[in-house]
Structures are given as structure tokens and as C-alpha cells.
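We name chains A, B, ... by the order of the sequence lines, and we start the count at 1 in each one. Being a predicted model, the structure only gives us computed values, none of them experimental.
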Amino acid sequence: MFKKILIANRGEIALRVIHACRELGIHTVAVYSSPDEDALHVGFADEAVCIGPGRSIDSYLNVPAVISAAEITGVDALHPGYGFLSESAYLAEVCEACDIKFIGPDPTVMRLMGDKARARRAMKKAGVKVLAGSDGPVDSFEQAIAIARDLGFPLIFKATAGGGGRGLRVVRSFQELEVAFRTARHEAETAFGIRDVYLEKFIEASRHIEVQVLADEHGGVVHLGERECSIQRRHQKLIEEAPSVALTDRLRRKIGKTVIDAAKAVQYRNAGTFEFLMDHKRNFYFIEANARLQVEHPVTEMITGIDIVKEQIRIAAGERLAFKQRGVKQRGHAIECRVNAENPNTFVPSPGVIDTFNVLGGPGIRLDTYAHAGCTVSPFYDSLVAKVIAHGRDRSEAIARMRRALDMAVIEGIETTIPLHQAILKDPAFIAGEFDTTFMERFQAEWQRKRLAKAV
Amino acid sequence: MFKKILIANRGEIALRVIHACRELGIHTVAVYSSPDEDALHVGFADEAVCIGPGRSIDSYLNVPAVISAAEITGVDALHPGYGFLSESAYLAEVCEACDIKFIGPDPTVMRLMGDKARARRAMKKAGVKVLAGSDGPVDSFEQAIAIARDLGFPLIFKATAGGGGRGLRVVRSFQELEVAFRTARHEAETAFGIRDVYLEKFIEASRHIEVQVLADEHGGVVHLGERECSIQRRHQKLIEEAPSVALTDRLRRKIGKTVIDAAKAVQYRNAGTFEFLMDHKRNFYFIEANARLQVEHPVTEMITGIDIVKEQIRIAAGERLAFKQRGVKQRGHAIECRVNAENPNTFVPSPGVIDTFNVLGGPGIRLDTYAHAGCTVSPFYDSLVAKVIAHGRDRSEAIARMRRALDMAVIEGIETTIPLHQAILKDPAFIAGEFDTTFMERFQAEWQRKRLAKAV
Amino acid sequence: MMNLDEIRRVLELAEEHSLLELEVEQEGIRLRIKRADLSPQASVSPVPVPELASTVAEPLKPVAEADTDDTSKLVVIKSPIVGTFFRAPDPKAKPFVEAGDTVGRGQVLCIIEAMKLMNEIDSEVDGEVVTIFVENGQPVQYGDQLFAIRP
Amino acid sequence: MMNLDEIRRVLELAEEHSLLELEVEQEGIRLRIKRADLSPQASVSPVPVPELASTVAEPLKPVAEADTDDTSKLVVIKSPIVGTFFRAPDPKAKPFVEAGDTVGRGQVLCIIEAMKLMNEIDSEVDGEVVTIFVENGQPVQYGDQLFAIRP
């Protein structure tokens with residue numbers, strides 16, 4: 001097992017990895033930017049190295065600084081968390097060259113999954129259903145027209161280098177096609193440095209279902225069941241849950257098997273997530289695979305009792321998975337609400353100093369956060385402040401616990417998305433489990449209408 | 001189901017009951033003493049009634065004040081929590097007379113269990129093994145001599161009205177007998193107002209095992225498995241866990257069945273705990289039954305996924321248990337550390353204002369507390385500030401998580417027993433699960449020795 | 001000018017009065033101290049607390065008032081128990097007292113019913129009833145203001 | 001004017017009275033002290049405070065110093081990157097600069113190795129090297145002090 005791990009991240013996920021390392025008796029090295037000097041991940045790591053100023057590009061995205069920190073502290077492994085460099089195959093390669101174990105898949109698999117068009121092809125080859133679309137990047141407007149003729153609308157342009165819901169553009173008619181093609185390419189180039197885009201059939205109303213996988217370095221692969229993440233706003237997940245109410249046990253086993261086969265086909269290692277759209281006929285279409293830990297991993301941990309981050313570390317250290325597929329048992333239902341430092345109506349970020357931070361625990365509540373009274377929510381980074389996770393014997397108990405926890409949460413000094421979550425948790429369609437990825441659009445329109453009506 | 005419940009308690013358990021009520025959609029009424037005006041249980045209840053000044057006898061132990069509060073707020077049920085009036089058969093009777101449902105067993109059963117000597121006889125009659133002893137109160141010194149001749153030493157005097165570890169006196173020889181008899185009676189009278197004491201064989205090294213029971217009002221009785229509470233200091237529990245490492249599945253089923261039979265024999269209703277001593281030959285001897293919710297109930301909740309407080313309320317509302325014995329499944333291992341506002345060496349209470357309170361959650365950690373930054377730990381009441389509960393796939397993961405949580409806890413302004421817990425969690429005998437109720441005596445002696453050695 | 005002796009005397013004062021912090025500024029001299037809190041019953045300081053529950057009795061508006069220009073010397077009679085406030089011995093009877101009435105020490109002002117028991121509440125002073133804070137038949141909690149009496 | 005003895009007496013007073021902080025200001029002199037709270041019964045601090053991470057570079061002691069009476073106008077050169085500090089281009093060579101040397105703006109002061117790359121760190125000003133904060137071969141993090149230069 002490793003002696004010392006560098007955590008190339010900040011915020012709640014850096015603390016999450018520290019928790020795992022402490023439980024395994026592994027020393028930790030935090031890296032931080034100057035404004036994060038007083039952050040908890042710095043305080044609770046065994047060592048800490050300042051790697052640059054506030055801007056991510058100069059610190060948390062700065063590969064040379066991160067690697068230098070790893071070298072001067074003599075770590076034997078590096079955990080990238082999510083976001084920042086977590087999907088950087090380059091970092092994984094440099095780690096390999098420096099004899100530091102990168103806790104994640106091989107760089108080759110990371111590159112494959114990082115190119116969405118290639119990943120799509122690889123999955124298709126492995127027998128996984130994908131949505132009809134271009135067979136690779138669309139290089140010209142003429143090609144786009146031909147594909148559109150062939151497939152019909154609606155379609156969606158996606159950046160091959162995209163991910164996390166960025167770089168998407170829906171097209172509903174030939175009139176929209178040219179502008180969409182050009183802006184999609186321009187956006188992709190601006191956002192990811194690569195202008196390649198591909199086309200795919202767009203399903204208006206579908207559910208976002210993703211399957212968590214663990215794969216060791218000896219060919220052992222298990223899935224930990226699915227998560228439902230259909231409550232999204234502009235492709236940003238707000239609420240995630242496990243299991244999905246839309247799946248039957250049979251479907252669960254089927255999609256699980258599909259994912260295991262796919263993971264084996266690409267020689268996937270470590271933890272990863274295969275994301276699917278499920279249409280109203282319960283057909284699954286692969287959309288992308290995330291070769292890293294995900295924000296919403298706790299809901300799976302709550303129902304399976306498996307500590308995904310510790311498994312990642314064990315796998316990276318060369319251990320075999322300690323359980324087989326039939327050893328993965330689900331219990332109850334878990335829901336996660338992402339508490340962001342944002343205005344709940346406008347989603348404008350609300351950085352600042354948190355004066356009061358009190359989220360009571362009690363039965364079934366897990367809180368993953370870096371926040372505490374007196375801490376600063378930095379304008380430099382992601383607005384995620386806390387993840388409140390509720391576990392119950394069934395979905396309705398999980399919802400009741402989440403409502404209770406949010407109703408009793410006291411966070412002062414910044415605005416948070418808690419009021420939005422409270423409203424969603426009272427929505428009849430949400431409670432009934434009858435929703436898809438268009439839920440938030442409808443919900444928000446109604447919520448704003450109600451708010452305005454109240455204000456009058 | 002009830003519409004409104006009065007919670008006749010304070011601190012973390014009052015909040016715990018509020019959690020349960022909120023999840024069930026039941027309105028809550030808090031009662032409080034003047035110094036508790038700003039307490040969270042007052043803030044988070046839907047209504048609150050001040051029932052008296054700081055001294056418990058004038059407020060939280062004041063039956064007329066509690067009942068008046070229940071009447072003026074029009075509640076339909078009352079939850080007594082633990083401690084205070086929770087074992088008051090009188091309160092239960094007054095509730096009955098006032099048509100307020102008391103959430104607990106019938107007053108008759110409460111009276112039976114409240115008289116330890118009678119409870120012992122009732123259990124014996126129901127076929128439960130009890131330790132050899134007097135067949136009722138020992139009324140004279142002569143009688144004590146006769147019993148001692150008969151049984152041999154060591155023996156223990158117990159107050160019939162005692163409980164919670166108070167009113168006990170071990171006797172190891174005839175020389176000690178007279179003084180012990182007189183002081184035990186005097187202590188019992190001072191502490192409980194009733195001077196009756198009884199004699200029982202004393203087992204020097206035994207494990208404290210208790211079984212949680214739920215019984216509905218229609219004859220349905222299940223047990224939720226055992227808790228091990230052998231880590232005690234002067235009969236005060238410090239660390240509890242479930243399951244016990246000392247039990248096999250066979251023993252678990254056997255003692256479970258014994259308890260269910262006993263509960264049925266006395267027509268037990270609602271939640272309760274049957275406490276046993278287990279000698280090194282794994283014989284179980286009934287010691288007492290607690291006709292109320294217990295401090296350590298969360299460890300059972302963590303491994304069974306059953307919300308004991310919500311079950312209490314459902315049972316009191318006349319519902320049948322929604323599961324049978326075979327529906328009770330245990331998963332993993334849970335440990336609870338009681339964080340008291342006390343000096344960890346001297347156990348001198350340390351009331352005051354908490355300046356900083358930060359206990360990070362993360363995977364497997366549940367926190368039950370009334371504390372928050374700026375809150376006051378009152379000198380009037382119990383020193384329990386927080387219960388940290390760790391759940392893991394097995395005992396060693398639960399221990400690792402507890403250590404991590406305590407190592408990263410920041411509580412400033414008062415002293416707490418956290419350093420003591422940290423030391424116990426590193427003790428090889430504790431880690432190996434090889435301990436009994438004499439553990440703390442030995443541990444403390446060694447700990448003090450080490451501390452002094454360090455100080456020199 | 002401040003010398004050591006003066007500082008010592010200030011410190012002794014601070015200790016005597018259980019001060020935790022003290023700041024003095026005068027004629028260009030500024031002294032600021034902060035002491036460790038050694039007292040076991042450390043000062044109960046007001047605590048910032050989340051939304052308070054709507055207590056049963058909201059901040060009470062006076063029901064009846066006689067004359068209020070000088071509230072400085074009023075004696076306030078508070079409820080010693082939880083229960084229901086009654087101004088008269090039975091529904092048909094006249095109230096024990098009205099605002100403006102003169103009352104004597106020990107005179108019954110009202111009844112608070114708790115657990116079917118009628119508890120008479122007496123005046124603690126001789127004086128004039130200035131304010132009656134609670135309406136007949138209303139619930140009161142421990143410490144609620146009942147009457148203001150000008151001695 | 002306040003001399004050492006007076007300061008010592010103030011400190012003794014502070015200790016005697018369990019002060020945590022003391023601030024005196026008079027006639028242009030300002031004395032501010034802050035003591036660690038060591039009292040075991042103090043309700044202020046002796047709590048399981050989490051061990052703070054030992055940062056890689058502990059508060060740095062100057063390795064070499066020239067002259068220190070006037071530190072007010074020094075320019076401090078800080079590390080712009082994370083890496084290993086080297087005072088010379090290779091182990092056998094002489095250091096780029098020594099304390100007391102006069103350096104020109106843009107002159108190389110040291111090398112910081114990061115990812116096998118040797119990054120030369122230049123002086124930002126003309127002046128005299130007063131302090132060298134880091135020992136040869138030691139790791140430095142972003143923002144660590146490297147040199148103090150008097151312009």
C-alpha cells in the first residue's frame with residue numbers, strides 16, 4: 001500500500017480523499033493556491049505545498065507545479081479528485097514518467113474517453129448501443145447537411161473534447177444548422193482548444209442514467225449499480241439519486257452487464273462512470289464515460305456500503321477487488337443535493353465569507369463539505385460548497401430526511417441553492433419519480449412564475 | 001397518525017425526536033427551561049413553551065409544567081426522550097388521564113421495570129436466566145448475612161429504584177458487608193427516595209450486552225440485535241457498538257429469542273432494551289430492562305437501517321410493525337463515542353460557551369448533537385454534547401472512520417472527552433475486541449501512568 | 001500618565017468584576033486587555049441562533065393599560081408556572097382586578113390553571129395595576145409577564 | 001520611554017492575571033502582547049485542535065545574513081514556482097551570489113528545479129544581497145522567500 005499520497009485538488013473532494021487516506025493509514029500532501037492557505041484540506045493534510053496564485057490555470061491546473069510538489073514531498077501516488085486535472089491524460093503520463101502512481105485509469109483509456117467521438121465509436125464496437133450520429137467529427141457544413149438529411153431532427157452538436165455538460169448545441173431544423181455548426185465549433189475551440197464537433201440524434205425527453213464501475217488491475221470488474229441524474233439545469237446536475245425509480249431489477253442487471261463488458265473491452269481500470277440516456281421505451285444509449293471519480297459518488301456509497309475512494313486507492317496499489325459482483329448489495333435509497341454558493345433563482349455565484357454554517361446530521365444524513373463558520377467561498381473556483389446526502393429505507397424516507405436536513409440547515413453570509421432544492425423536493429412530479437432531463441426547465445418556469453405572483 | 005407531539009426533553013435527543021417528527025410530517029412542541037431559551041431544540045420545534053427555571057427539578061422534571069405545556073398547545077402525544085421523565089410511570093399515567101398518548105410502554109410495565117427487584121423476578125418467571133441473589137429487597141443486615149453465606153462473594157447491592165448505573169455497591173467479604181448494606185440503603189434513599197436494595201452475585205469480568213426490542217400494540221415483537229456497551233467508567237457507558245464481536249450468529253438468535261419471549265411475557269410495548277451480563281462462558285444473565293429510548297440507539301439504527309424513534313411514534317399511534325423478524329437485516333458495524341463536556345482525565349464537567357464546533361462528516365459518519373459555534377453547554381444538565389457514530393463494512397472500518405472523525409474534530413471553548421476516546425480507539429485490546437466491563441479501570445490506570453511519565 | 005501600578009489596579013478591577021476584555025482610552029493613553037476565562041460557569045453569553053420557533057406566547061402586547069409615562073419603577077408580576085390564565089374565579093364572575101385598580105400585597109390578581117388545579121397568583125407589592133399583559137383564557141408559560149404594578 | 005525591564009514587568013503582570021491579550025499605547029509607544037493560553041482549565045483552547053499540517057517549508061530561518069539594522073526598505077525575492085532551490089549552476093560550481101554581494105537587476109540569483117527543468121531566478125532590482133533564506137538543495141513552494149535585497 002502507498003505511504004504518501006498527493007491530492008491534486010481542493011474543496012470537499014480534497015477532504016473526501018483525506019478521509020479515505022486517513023482510514024487507510026496513508027499520509028497526505030495537500031496542494032493549494034495562495035487564497036486557499038487557510039482551507040481545511042490544507043489544515044488536515046499531513047503536509048501542504050503552495051503551488052501558485054488564485055487562478056486555477058496557475059495553480060490547480062498547473063501540471064509542473066503539481067508534479068514538483070509531488071517530487072519534493074516524495075509521494076508515491078497522486079489522487080486527482082474530480083474536475084481540474086482529473087481527466088488530464090498528460091498528468092497521468094507525467095506521473096508515470098516520474099514513478100508516481102496516478103490514481104485513475106491508464107492514460108490511453110483517459111485519452112480514449114476524453115475524445116467523445118472516439119469513445120462513442122469504441123463503445124459501439126464493444127456492442128453498446130449509441131445514438132445514431134456522425135461516425136466521427138463533422139468537418140464541413142456540407143457533411144452536417146448530409147447527416148441531418150439522413151437522421152432527421154432534432155440533433156445535437158457535441159464537442160469531441162467536451163464533457164461535464166459543456167459544448168453542446170441542439171439543432172431542430174435545417175435553418176438552424178449552419179449557425180449551430182459554426183458556433184458549436186467556435187465554442188468548442190474557445191472552451192477546450194479543439195474545435196472538433198460531432199452530431200448525434202437528440203432525445204428531447206430522456207433520463208440520465210449512469211453506472212458506476214470498479215475495475216482492478218487483474219481483470220476484476222464490478223458495477224455498483226446506477227445513479228439517476230436527470231435533475232439538471234443546462235446539463236449541470238443538481239440532484240442525484242440511487243437507485244433510479246425508472247429501472248427494474250432486470251434492466252439493472254442488463255445495463256450492469258453491458259457496462260462490465262464495455263469496461264473489459266477497453267481494458268478499463270480503477271473507478272469510472274458510464275453515462276447513458278434512457279428514452280421512454282427504456283432503451284439505453286451510451287453518451288460518455290467519465291474516467292474519474294464523480295461528484296455524486298456518495299449516493300452509490302450510501303446504498304452499497306462500498307467506499308469508492310478507498311477502492312480507487314486499493315486498486316491503484318495493485319490490490320484485487322475484495323468482492324465479486326454478487327457481493328455488491330444495495331440497501332435503501334440515497335439522494336444527494338448539491339449546495340452551491342449561488343443565488344437560487346438566477347444562479348449567479350455568491351462567493352464570500354460564511355458567517356454561520358450549521359447542517360445538523362442525525363439519522364441517514366451524510367455531509368461532505370469544506371465549509372465551516374468563518375471560511376471563505378472563493379470566487380476563483382467552483383461554487384459547490386456542500387453535498388448533503390440522505391439515505392433512507394426507501395425513496396420517500398430519503399426525501400423526507402433530505403427535506404428535514406435542508407429545512408434545518410443554517411448557512412449565513414452567502415446565498416445557496418438550498419431554497420431551490422427545498423422547492424424541488426416538494427414537487428409532486430419529483431416525489432412521484434416521474435421526471436426526465438427536461439424537468440428543470442418546466443420546474444423553473446413555474447417556480448419563477450409563482451415567485452413573481454407572490455411578489456405582486 | 002399524530003398531528004402534534006410534545007418533546008419533554010432537551011439537547012441532542014430532543015433534536016433527534018424533532019428529526020423523526022419532521023420526517024413523519026408531525027408538528028412539534030419543545031419545552032425548555034429559561035437558560036435553554038436559545039437552544040436548537042427550541043429553535044427547530046414548531047412551538048416552544050418555557051416550563052421553568054434552570055434546575056431540572058423545576059423544569060424538565062416538573063410533571064405539572066410539562067403536562068400544562070402539553071395541554072395549552074393541544075398536542076396528541078408526548079415523547080419523553082431518555083433521562084429526565086422518560087421512566088416516570090407517573091407521567092405516563094397523567095398523560096393517559098389527560099388523553100395524551102405517552103410514547104413508551106404502559107405505566108404498569110414501566111413500574112415493573114422501574115423496580116429492579118421485581119423486574120428480576122418477572123424475568124426469572126419468564127424463563128430468563130438471572131444472577132443468583134435475594135428474591136426481593138434485603139430488609140435487614142441479618143438477611144444480608146444469610147444470603148452472603150448462601151451465595152458467597154463477590155456480591156453487589158443494587159437499589160431497586162436504581163438505573164443508569166447509579167446506586168451500586170460491590171461487596172467482597174463479610175467485613176465489608178455491614179457498611180456496604182447501610183451505605184447502599186442510604187445512597188438509594190438519597191438518590192431515588194426509596195431505600196430498598198437487593199443483593200446479586202457480582203461477576204468481576206463480564207461483557208455488557210443489551211438487546212433492542214420493538215413491540216407494537218397488536219402483539220408484534222421483533223428484536224434489532226444486540227449492542228455491546230462494555231466500555232464503561234463507573235457504570236457510565238462511554239463507547240457502544242453493534243454488533244458485539246463476542247457473539248456468534250447462533251448466540252445472537254438465541255438471546256434474541258429469549259428477549260422476544262420475555263417481552264411477550266410482560267406484554268411489553270414500544271421500544272425497550274433488555275440488558276445482560278455475559279460471562280466468559282457466554283452465559284447471559286438479565287440485569288435490567290430500560291423501558292425507554294436509549295442514548296446508544298443510533299448504532300442499532302446504523303446497522304439495521306431502522307429508525308427506532310420513528311418506529312416508537314408509529315407504534316404509539318397504533319400502527320403494526322411494518323416488518324417481521326426476518327425483515328431485520330444487519331449490515332456492517334457501528335460504533336458510538338459519547339463526546340462529553342468533561343476533562344478527559346478527571347471527568348470534571350466543563351460547561352461554557354463553545355467557540356468553535358466543527359465535526360466533519362464524510363462517509364460513514366453520523367453526528368447527533370445540539371452543539372454549534374456559539375452555543376452554551378449548561379452547567380445544569382448532563383454533559384453529553386455530541387454523539388459521533390461511525391458505520392463501516394466491518395468493525396475495523398468503523399474504528400478507522402471514528403478515529404479519522406475524532407482526529408479531525410475541532411471543538412473549542414470547552415474541554416471534551418475526545419482525547420480519551422482517541423486513546424481508547426488506539427488500544428490494542430479494544431481494537432482486538434478483547435475487553436469486558438473492567439476495561440476502563442485498567443485502561444485509565446495505564447493512561448494516567450503514561451501521561452504522568454510524559455509530563456516528567 | 002499610566003504606570004505599572006495603575007495598570008495593575010486596572011487588572012485587579014478586571015479580575016474582581018470577572019471581565020474578559022477591557023479597553024480604556026483617554027488623553028492619548030489606550031489600554032486593552034483580554035483575560036483567559038477560568039471560571040467553570042463561564043459567562044453565559046448571548047448566542048446567535050437560527051430561526052426561533054414561534055413560541056406559544058408571542059412578545060406580549062398589553063391587554064389593558066392604565067398610564068404608562070413612567071415605566072421605570074414598575075413591578076412586573078410574571079407567571080411562576082405554565083398554564084391557562086384566568087382573570088376571574090369563574091367565567092361569570094367579575095375579574096379580580098382591572099387596570100387602574102389599587103391592589104395590596106398578597107391580593108389575588110388572577111388564576112392560572114395547570115392540570116385542573118387553580119393556582120392563585122398574588123400581588124407582590126402594594127400599588128396600582130398599570131398593565132395587564134395577558135387576555136383571559138390565554139395560555140401562559142413560565143416567566144411570561146402577567147401584570148405591571150406601580151408601587 | 002519603555003525599557004526591557006518595564007516590558008518584563010508588564011509581562012509578569014499579564015501572566016499573573018491570566019491575560020490573553022494586552023495592548024498599551026501612550027506617548028507614541030504601543031505595546032501589544034498576546035499570550036498562548038496554557039492554563040489547563042481554561043475554557044478557551046486546550047482542546048483536540050487538529051494537528052495543523054506541517055508545511056513543507058517551516059517558517060524559514062535566514063541561512064546567511066549581511067547586515068540587518070534597517071529592514072524597512074528590503075526587496076524580498078519570492079519563489080514563483082514549486083521546486084528545489086539551488087544556489088549554484090551545478091554541485092561543484094560556486095554559488096551565484098553570497099550575502100553581501102552586489103547584484104544587478106536581471107542577474108541570476110539561483111536556480112529552482114521543477115520537473116527536471118532548471119528555472120533561473122533573476123534579481124528584480126539592483127542592490128545588495130542582505131539575506132539568503134533557503135539552504136542549497138531545499139524544496140521551496142510558491143511564494144516562499146528566497147532572497148532579501150537592499151536596493
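- Contacts of B/L24 with chain A are absent, with no heavy-atom separation under 4.5 Å from either backbone or side chain.
- In this structure, B/R395 is positioned above the aromatic face of B/F430, its NZ or CZ under 6.0 Å from the six-membered ring centre and within 45° of the axis.
- Residue A/L360 touches chain B through its side chain alone, counting heavy-atom pairs closer than 4.5 Å.
- There is no contact between B/I399 and chain A, counting heavy-atom distances below 4.5 Å.
- Most heavy-atom pairs under 4.5 Å with chain B, from the set A/T304, A/V359, A/V309: that is A/T304.
- Contact annotation: the side chain of A/T28 approaches that of A/I7 to within less than 4.5 Å [non-hydrogen atoms, C-beta and beyond].
- Neither the backbone nor the side chain of B/R403 comes within less than 4.5 Å of any heavy atom of chain A.
- Annotation for B/K329 and A/R331: closest pair O-NH1, 3.1 Å, computed over non-hydrogen atoms.
- In this structure, no portion of B/K387 lies under 4.5 Å from any heavy atom of chain A.
- Judged by the 6.0 Å distance and 45° axis criteria, B/R10 is positioned over the aromatic ring of B/Y370.
- Using a 4.5 Å cut-off between heavy atoms, B/P298 makes no contact with chain A at all.
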- Take B/N358 and A/H372 through the test side-chain contact (heavy atoms from CB on, under 4.5 Å) and record every step on the way to the result. CA-CA 7 Å; B/N358 195 23; A/H372 57 93; 3.8 Å; yes

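- Looking at B/L367, only its backbone comes within 4.5 Å of chain A, counting heavy atoms on both sides.
- Because its NZ or CZ atom is both nearer than 6.0 Å to the ring centre of B/F323 and within 45° of the ring axis, A/R393 counts as a cation-pi partner of that residue.
- The most heavy-atom pairs under 4.5 Å with chain B, out of A/T369, A/L15, A/I306, come from A/I306.
- You'll find the side chain of B/K3 stays beyond 4.5 Å of the side chain of B/H27, heavy atoms only.
- Contacts between B/M402 and chain A at a heavy-atom distance below 4.5 Å are absent for every atom of the residue.
- Heavy-atom pairs under 4.5 Å with chain A peak, among B/S396, B/P363, B/G362, B/G361, at B/P363.
- With a 4.5 Å cut-off on non-hydrogen atoms, B/E23 touches chain A through its backbone and its side chain both.
- The heavy-atom pair separating B/R401 from B/A390 by the smallest distance is CB-CB, 4.1 Å.
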